[in-house]
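Have a look at the structure below, then the notes.
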Amino acid sequence: GTLGASVASLYEDGDGGLWVGAGTGLWRWAPGAPARYLATPIQTHQSLTQGDRGRGVLVAVDALRQVAGTEVVDYPLRGVPSPLTALSVLRDRNGGLWIGTAAHGLVHSYEGKTSLFSREDGLSSDEVLALFEDREGTIWVGTSEGIDRFREWPVTPLSVKQGLSNSNATSVLAARDGSIWIGTADGLNRWRDGRTTIYRRR
């Protein structure tokens, strides 16, 4: 009866320990008696995944939490709503972290950069219920209103959301130093290494 009436999520860590997300909280069931790390009930089916650098475990329980030694602490994510309303979590083969939320869409975190995808960005719904990575590395996102697919794009879009001064791009030039110069209806833009610099005067 320790785990309660329901067990929603299971995860095996690199040391062979079994993590159990149950109605009575988060447990690690290694050889021996189960030890409870969190008393908050865990009721979603995909709430546990691998921690950073393959160690420990992350748990989606409204916020995103991580087990650090014997403690459970908040997982650092910049630029996301609070509370996050995290329901599901997935670590992909490249080490990227995908977080499905109940009200804010999908969060992707990789190498310190966090992106948020919502209905406004084309996601079928802001309520994400399931995450899956197929053998080709495509991420499938099940929502309350459909299913969405995320995969590597052969073309990277650059728009106002990524820092461009204006969406009306009238000319483009690639420079020898690897930067891209973009003439727009509102200034000259220089894009390099994911950063945009805007020039409106000589």
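These numbers come from the heavy atoms of this one structure, side chains and all, not from hydrogens, waters or symmetry mates.
The two atoms that bring Tyr11 and Gly56 nearest to each other are CE2-O, 4.1 Å, heavy atoms only. Annotation for Val73 and Ala68: closest pair CG2-CB, 4.4 Å, computed over non-hydrogen atoms. Minimum heavy-atom separation, Ala8 to Thr44: CB-O, 3.3 Å. When every heavy atom of Trp181 is checked against every heavy atom of Ser179, the shortest pair comes out as NE1-OG, 3.6 Å. Between Gly69 and Tyr37, the shortest heavy-atom contact is O-CE2, 3.7 Å. Shortest non-hydrogen contact noted between Ser125 and Ser144 is OG-OG, 2.8 Å.
No continuous path of hydrophobic side-chain contacts links Ile139 to Ile99 [ILVMFWY only; heavy atoms under 4.5 Å]. Put simply, Leu158 and Ile180 are part of the same group of oily side chains (I, L, V, M, F, W, Y) that touch within less than 4.5 Å, one to the next. No single ILVMFWY cluster, assembled from side-chain heavy atoms under 4.5 Å apart, contains both Leu188 and Val172. The hydrophobic cluster containing Tyr199 does not contain Trp191, counting ILVMFWY residues as joined when their side-chain heavy atoms lie under 4.5 angstrom apart, directly or transitively.
Here OG1 of Thr101 is found 7.0 Å from CG of Leu87. Values are rounded to the nearest 0.5 Å. One distance of note links CG of Leu90 with CG of Leu58; it measures 11.0 Å at 0.5 Å rounding. Atom CG of Leu48 is separated from atom CZ of Arg91 by 13.0 Å, given to the nearest 0.5 angstrom. Atom CG of residue Asp62 and atom OG1 of residue Thr85 lie 6.5 Å apart, to the nearest 0.5 angstrom. Atom CD1 in Ile182 sits 6.5 Å away from atom OG1 in Thr196 (nearest 0.5 Å). Rounding to the nearest 0.5 Å gives a distance of 13.0 Å between OG of Ser47 and CZ of Arg65.
In this structure, a donor-acceptor pair under 3.5 Å is present between the side chains of Asn189 and Ser165. For the 3.5 Å distance criterion, the side chains of Tyr75 and Asp52 qualify, holding a donor opposite an acceptor.
Checking side-chain atoms of Thr170 against main-chain N and O of Gly183 turns up a donor-acceptor pair under 3.5 Å. For Asp186 (side chain) and Asn166 (main-chain N/O), no donor-acceptor pair under 3.5 Å exists by modelled atom type. Between the side chain of Ser109 and the backbone N or O of Leu97 there is no donor-acceptor pair closer than 3.5 Å. Put simply, the side chain of Thr114 never gets that close to the backbone of Val107: no donor and acceptor are under 3.5 Å apart. Of the possible polar contacts, one joining the Thr24 side chain to the Leu3 backbone as a donor-acceptor pair under 3.5 Å is found.
Residues His104 and Val80 have side chains not in contact (no heavy-atom distance under 4.5 Å, counting atoms from C-beta outward). Looking at Gln66 and Pro76, their side chains come closer than 4.5 Å, going by heavy atoms from C-beta outward. The shortest side-chain heavy-atom distance between Thr184 and Asn168 does not fall under the 4.5 Å cut-off. With a 4.5 Å cut-off on side-chain heavy atoms, Pro81 and Leu116 count as touching. Side chains of Val128 and Leu123 form a contact here, defined as non-hydrogen atoms less than 4.5 Å apart. Using a 4.5 Å cut-off on side-chain heavy atoms (C-beta onward), Asp148 and Phe117 make no contact. By the 4.5 Å heavy-atom criterion applied to side chains, Arg119 and Ser124 are not counted as neighbours. Side-chain contact between Leu131 and Gln46: present, with at least one pair of heavy atoms (C-beta onward) separated by less than 4.5 Å.
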Can you check side-chain contact (heavy atoms from CB on, under 4.5 Å) on Val20 and Leu10, steps first, answer last? CA-CA 5 Å; Val20 180; Leu10 297 172; 4.0 Å; yes

Step by step, work out the side-chain contact (heavy atoms from CB on, under 4.5 Å) result for Trp19 and Val59. CA-CA 10 Å; Trp19 292 88; Val59 55; over 6 Å; no

Report the C-alpha separation of Arg28 and Val57 in whole Å, then their side-chain angles, then the decisive distance to 0.1 Å, and conclude whether the side-chain contact (heavy atoms from CB on, under 4.5 Å) test is met. CA-CA 10 Å; Arg28 186 175 191 269; Val57 67; over 6 Å; no

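Arg78 CZ: 12 or fewer foreign heavy atoms inside a 6.0 Å radius. Taking a 6.0 Å sphere around NE2 of His108, one finds it holds more than 12 heavy atoms contributed by other residues, nucleotides or ligands. Other residues, nucleotides and ligands contribute only 12 or fewer heavy atoms inside 6.0 Å of the CH2 atom of Trp29.
A salt bridge does not link Arg93 to Asp134: none of the charged side-chain nitrogens sits closer than 4.0 Å to a carboxylate oxygen.
Val61 pairs in a side-chain contact (heavy atoms from CB on, under 4.5 Å) with only one of the listed residues (Val72, Val89, Leu38), which is Leu38. Just one residue in the list Trp140, Tyr110, Phe132, Trp98 forms a ring pair (Phe, Tyr, Trp, His ring centres under 6.0 Å) with Phe150, and that residue is Trp98.
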